[in-house]
Amino acid sequence: MSMATNVNVSRLAATPIGAITASDAFDRVAGSYDDLFTRTAIGRAQRNQVWQRLLAMFADGERILELNCGTGEDARFLGKRGRRIVACDGSAAMVEIAAARTQVEANGADITFHQLANEDLETLTQQEHFDGVYSNFSGLNCVTDLQPVARNLGTLVKPGGKLLLCLWSRVCAGEIFWYLLHGQIRKAFRRLSGKASARIGEATFNVSYPTVRQIQRDFAPWFVLGRRSAIGLFVPPSYAEEWAKKHEAALRCLKRLDRAFAEWPVLRHLGDHVLLEFTRCTP
């Protein structure tokens with residue numbers, strides 16, 4: 001499919017001022033983020049799981065909103081396959097890198113980038129409705145209250161439209177096993193309280209680990225939850241990258257196990273991330 005080039009960048013909200021925020025933290029590591037996660041063996045393994053569902057949910061030609069786009073890896077993947085993407089991130093540095101890379105790697109894809117925090121989605125309400133929305137990995141874990149985000153998305157998504165959200169899970173079996181194996185008991189169970197600190201580079205910021213039930217409640221009555229699956233059930237979290245690089249055969253086996261068991265009841269809530277598929281309710 002031939003597509004006109006449409007890679008634009010705009011800033012729709014100011015960067016928060018004061019204590020360190022997730023946007024501030026990602027501004028500081030934007031230049032190294034792809035090396036820290038995107039191009040790693042674990043990062044690719046987890047992202048490929050999500051990509052399969054993105055392609056299944058969103059059809060060629062549909063107009064899709066991406067939250068927390070980072071360096072634009074998912075936007076380019078979908079844009080090169082005919083989807084029209086409006087990609088947002090609260091980090092100005094991430095958006096700049098995403099736009100620059102897209103000009104080189106996906107020239108001709110219909111992708112528009114905005115610097116826009118999750119909490120400011122109301123600035124998009126005057127735009128044409130979207131066929132769907134997705135947020136990959138853990139950007140929504142940085143949001144204190146998901147209900148306003150859900151309410152704004154309810155005004156942005158067409159009835160029957162799809163919503164695909166990937167968040168850090170409340171219980172990560174792989175993390176518990178990893179840290180217990182290394183004698184770090186406190187870290188093994190750090191997610192269970194629902195609140196913790198995340199560290200990226202030299203910056204630390206607060207994150208939340210809502211349960212699936214909490215997320216489902218926050219997104220009602222605008223969206224109804226359907227399919228759910230684990231991302232990184234057997235494939236370990238990203239801090240095990242050094243192990244993964246030394247054990248390629250084992251990682252391939254773990255990826256096969258993820259494909260086999262990611263949607264099993266109980267197990268689907270025990271991965272590093274949980275992937276939730278919602279449908280916009282018909283008024």
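Just so it is clear, the values below take in all heavy atoms, side chains as well, and ignore hydrogens, waters and symmetry mates. A quick note: this is a predicted structure, and the numbers were derived from the prediction, not measured.
Taking the charged nitrogens against the carboxylate oxygens, Arg190 and Glu175 do have a contact shorter than 4.0 Å, which makes a salt bridge. Between Glu73 and Arg47 there is no salt bridge, since no side-chain nitrogen of the basic residue lies less than 4.0 Å from a carboxylate oxygen of the acidic one.
Proximity of a side-chain donor or acceptor of His129 to a complementary backbone N or O of Thr155 within less than 3.5 Å is detected. Of the possible polar contacts, none joining the Ser169 side chain to the Leu270 backbone as a donor-acceptor pair under 3.5 Å is found. Side chain of Arg76 to backbone of Thr71: a donor-acceptor contact under 3.5 angstrom is found. A donor-acceptor pair is defined here as one N or O able to donate and one able to accept, closer than 3.5 Å; no such pair exists between the side chain of Arg101 and the backbone of Gly72. Looking at Gln49, its side chain never comes within 3.5 Å of a backbone N or O of Arg259 through a donor-acceptor pair.
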(message) Let's go through Leu67 and Leu153 carefully: what are the C-alpha distance in whole Å and the side-chain angles of both, what is the deciding distance for side-chain contact (heavy atoms from CB on, under 4.5 Å) to 0.1 Å, and is it a yes or a no?
(response) CA-CA 11 Å; Leu67 309 181; Leu153 292 178; 4.2 Å; yes
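Both tests hold for Arg81 against Phe77: distance to the six-membered ring centre under 6.0 Å, angle to the ring axis within 45°.
Among pairs with a residue in residues 145-170, those fulfilling salt bridge (charged side-chain N to carboxylate O under 4.0 Å, His left out) read Asp131-Lys158, at least two apart in sequence or across chains.
Atom CG of Leu55 has more than 12 heavy atoms from other residues, nucleotides or ligands within 6.0 Å. Within 6.0 Å of OH on Tyr239 lie more than 12 heavy atoms contributed by other residues, nucleotides or ligands.
Annotation: side-chain contact (heavy atoms from CB on, under 4.5 Å) contacts of Glu248 (sequence neighbours excluded): Arg252. Scored by the ring pair (Phe, Tyr, Trp, His ring centres under 6.0 Å) test, Tyr134 finds no partners at all (sequence neighbours excluded). Every side-chain contact (heavy atoms from CB on, under 4.5 Å) that Arg28 has, sequence neighbours left out, goes to Ile20, Ala203. Evaluation of the side-chain contact (heavy atoms from CB on, under 4.5 Å) rule for Asn152 yields Leu121, Glu122 as partners, not counting sequence neighbours. Partners of Ser91 by side-chain contact (heavy atoms from CB on, under 4.5 Å), not counting sequence neighbours, listed by chain and number: Phe26, Asp27, Asp89, Ala93, Met94.
Aromatic ring orientation, Trp264 versus Phe261: perpendicular (interplanar angle above 60°, classes split at 30° and 60°).
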